[in-house]
Amino acid sequence: MRASTPGGPGAGGGRGGRGGRGARARLSPAFTAGAILTALLIAVALAAPLLAPYSPTDQQLGQGLLPPSPEHWFGTDQLGRDVLSRMLFAARTDFGIAATAALAPFVIGVTVGLVSGYFGGAVDWVASRVTETVIAFPFYVLVIALVFALGAGAEGIVVAFALVGWVGYARVLRAMTAALRDTGWVRSARGGGLSHARVLVRHVLPNVLPQAVVLLATEIVLIMVAIVTLGYLGLGVRPPTPDWGTMIADAQPFVTTQWWLAAIPGLAVVLTGVALSLLGDGIGDLLRVGAARTARGGERGGDRRGVRGVDRVAMHGAVRGAVRVAGLRIAAEGGAPLVGRGAAVDLEVRPGESLGIVGESGSGKSLTLRAMLGMLPGGARAAAGSVAVGGPVGMVFQEPLTALDPLTRVGGQLLAAVRAAEPLITRRDAAGRVLDLLAQVRLPDPPRISRSYPHELSGGQRQRVVIALALAGSPAVLLCDEPTTALDVTVQREVLDLLRRLRAERGLTLVFVSHDLAVVAEMCDRLVVMAHGEVVESGPVADVLASPAAAETRALLAAAPTLPELADPVAEAPAHSRIGVVAGEPAAARVLLEVRDARVRYADFDAVDGVSLRLGAGSALGIVGESGSGKTTLARAIAGQVRLAEGGVLLDGAVLGARRSRAQLRRIQLVPQDPFSSLTPRRSVGGVLDEVLRDAPGVDTPGSAAADRAARVRELLRRVGLDADIAGAAPDRLSGGQRQRVAIARALAADPRVLVADEPTSALDTTARGRIIDLLRGLRDDLGLGVIVVSHDLGVVHELCDRVLLMRGGSVVESGDRAFFAAPRSEYGRELLTSVVRL
């Protein structure tokens, strides 16, 4: 196999970073050319009084229609006016009118798009009908009609464009805002009690403004053309003020004799259009989130070309499935070591063997796996060593939804993979191979799955499709990067069983990266522990886990949540005795939060069906169940982010209405599953926390003085175990564990009574998971918070929670105290606990 050596500026990928825009500008020829041309044109227009050799309105009737000469570089018109001088002042006129006429439509369109997309409903309906009415008329015809009605001149042009030019912005920004409305960071901002205006201006607007600026550059081109057209028709700038359109119209009678009179202003119009079009495209490249990745080859693609210092090892004659990593060192593009910081990484996997690689986040395990694949991410390069594999390689990625093209049917993606592996295969045979692959990964009804889009499948089904994609090339080696992290325990068990069966049937060599020691122990023959970019321990799985030699291995084992052994099954209790009146806190305890017969309905489907629970101050309730059981929907309903169709939520005995006040929203805070999605990508950590403090309701000077808020930000960061210096960092510069802590700090900034944590440890390694558990336990005990934990990780719920609520199909199946983990009273509870992979 090839040694992987991606090139690309900047370590760590991220979102391009603050220093990435200069690199992107240099990498965008459109931006460079457009910026230079536009700057020159604007400079010439502004300097027209200094550059023009004559007055643009002075008439010399005896020198009319002179050809270009040293005295008159562009000649003279029929009235003896210097064409060069008129060209320069016309640029000043047209650019000035275009800039003024573009401003009002920009402001109106952005405002309408933001408001209609954010609020939806009746507001959106009215805005959409008005927009559609304006769009129904041809743009230039409508502008000409308005200018004719309003009167010729600059004022009429500005007003006309203010009336019709905003619709393009409104349509695009409405769609973008509607898509952002349900993102985690917008929901978190609203949940923090921020006003709609602040959410729109401080959170949504910065993320749609880049596209609006690109549209602005395009709109100015249209306005310039319209100004010239109106001038040509006699509806533009009034004489004797020079204007390119008027100059073209005046030159029309002389187009066959003095052709340059029309050609020169026409060329100026074309050059301006080209300059602004290039600038618009370049601005899009510059501001677009993720442009840096695209310019570097992308996170998924990487670069296979190789660089000096890496030996390529061809395994001619080697046994199929053998893997050897020798002296591997991976560095960031800037030179910082990522893997092999001290000793270089050496690994060897025998054919048919299963190797597990574990370690904390940032230990280098995923980078090492990507090196085996030959596709390091952007910003990383193989600095030394060699990677060799005997035979084709397949890869199963961590998040199946991002590994699949959302706009292409599953069958189409598999068909492309099959034909890439076997270019000579016929389409009919390839289609049969697609159905065979879907059947091999035990997907029901392969023809239906083949016709489905990824979003139409469950998480477990999507992961099976990703495995089928990895198998399309008949690999000898299968690389798995956290393939079960986002799955509930029952689906995880199914996927692990599938991988184990495929390995046995196909004789695959398996390299399995995971932060779950129990999963690795079950799946692998040998174990490698990595820390700080180095291998700190390796050996047979049983030996390493029984007698760990490295401190890092002992720390991973100590942080792994454990569950008690299951007792012998007992007869399932009747439903009424399992659920009782409510689930959660005993009736005798002081109730902080109560949910009564909550029902959440989507169309004709009840996502939550009559759930009741109680939560006491200083206590923790765990909500568990398989994917689709209604856990997250219930959590969002409790936090006020989803409206109840029936039932109610009470806090301290007071009923929370369907539309909660800002103060009520702040009292119940949701920590979402993906902390990165809950943090506004264009704001620093300190800015995110400061905003919640600043917008506290009922305070004349919200959040008090800036210095007091800064001190409070530092205190919040310290409370969640983060260094105060992290306040200046952007979310994309933080690790998963750091982002999770920041999300918790944001929730605490609202001074809540109840903290609802949705899968707070799902994407974290074992050590980070243990720290988050300790943090939540400390917050519960020190602040007296009521804590609700939604999780598919039963070990986390066992360690943190006093009581458990088991859901399935939107309903409560069972509830009880910690005895549930050893002796569940329902058959489904026992099935769930039996599926847990244990050390």
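Side chains are part of it too, since the values below use all heavy atoms of this structure and drop only hydrogens, waters and symmetry mates. The first residue in the sequence is number 1, and the count goes up from there.
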Checklist entry - Counting N and O atoms only, with roles assigned by atom type, does the side chain of E814 sit under 3.5 Å from a partner on the main chain of L806, one being a donor and the other an acceptor? => result no
Next on the checklist: Main chain of N207, side chain of Q211: is a donor-acceptor contact present, judged purely on distance under 3.5 Å?
Outcome noted: no
Next on the checklist: So, using salt bridge (charged side-chain N to carboxylate O under 4.0 Å, His left out) as the criterion, who are the partners of R129 when residues are at least two apart?
Outcome noted: E132
Item to check | E360: partners by salt bridge (charged side-chain N to carboxylate O under 4.0 Å, His left out), with sequence neighbours left out | outcome: none
Checklist entry - Quick one: side chain to side chain donor-acceptor pair (under 3.5 Å) pairs with a partner in residues 773-790, sequence neighbours left out? => result D774-R777
Checklist entry - Does A617 offer a backbone N or O that forms a donor-acceptor pair with the side chain of R590 under 3.5 Å? => result no
Checklist entry - Do the side chain of R714 and the main chain of A724 share a donor and acceptor less than 3.5 angstrom apart? => result no
Next on the checklist: Looking only at the side chains, is there a donor atom on one of D793 and S791 sitting less than 3.5 Å from an acceptor on the other?
Outcome noted: no
Item to check | By side-chain contact (heavy atoms from CB on, under 4.5 Å) - contacts of R174 (at least two apart) | outcome: S116, D124, S128
Checklist entry - Does anything in residues 642-655 pair up under side chain to side chain donor-acceptor pair (under 3.5 Å), and if so which pairs, sequence neighbours excluded? => result R599-E646, D652-R753
Next on the checklist: My understanding is that only residues two or more places apart in sequence, or in another chain, count here; which of them pass salt bridge (charged side-chain N to carboxylate O under 4.0 Å, His left out) with R171?
Outcome noted: none
Checklist entry - Can you find a side-chain donor-acceptor pair between S619 and D802 that sits under 3.5 Å? => result no
Checklist entry - Taking the six-membered ring for Trp, are F820 and H798 ring centroids under 6.0 Å apart? => result no
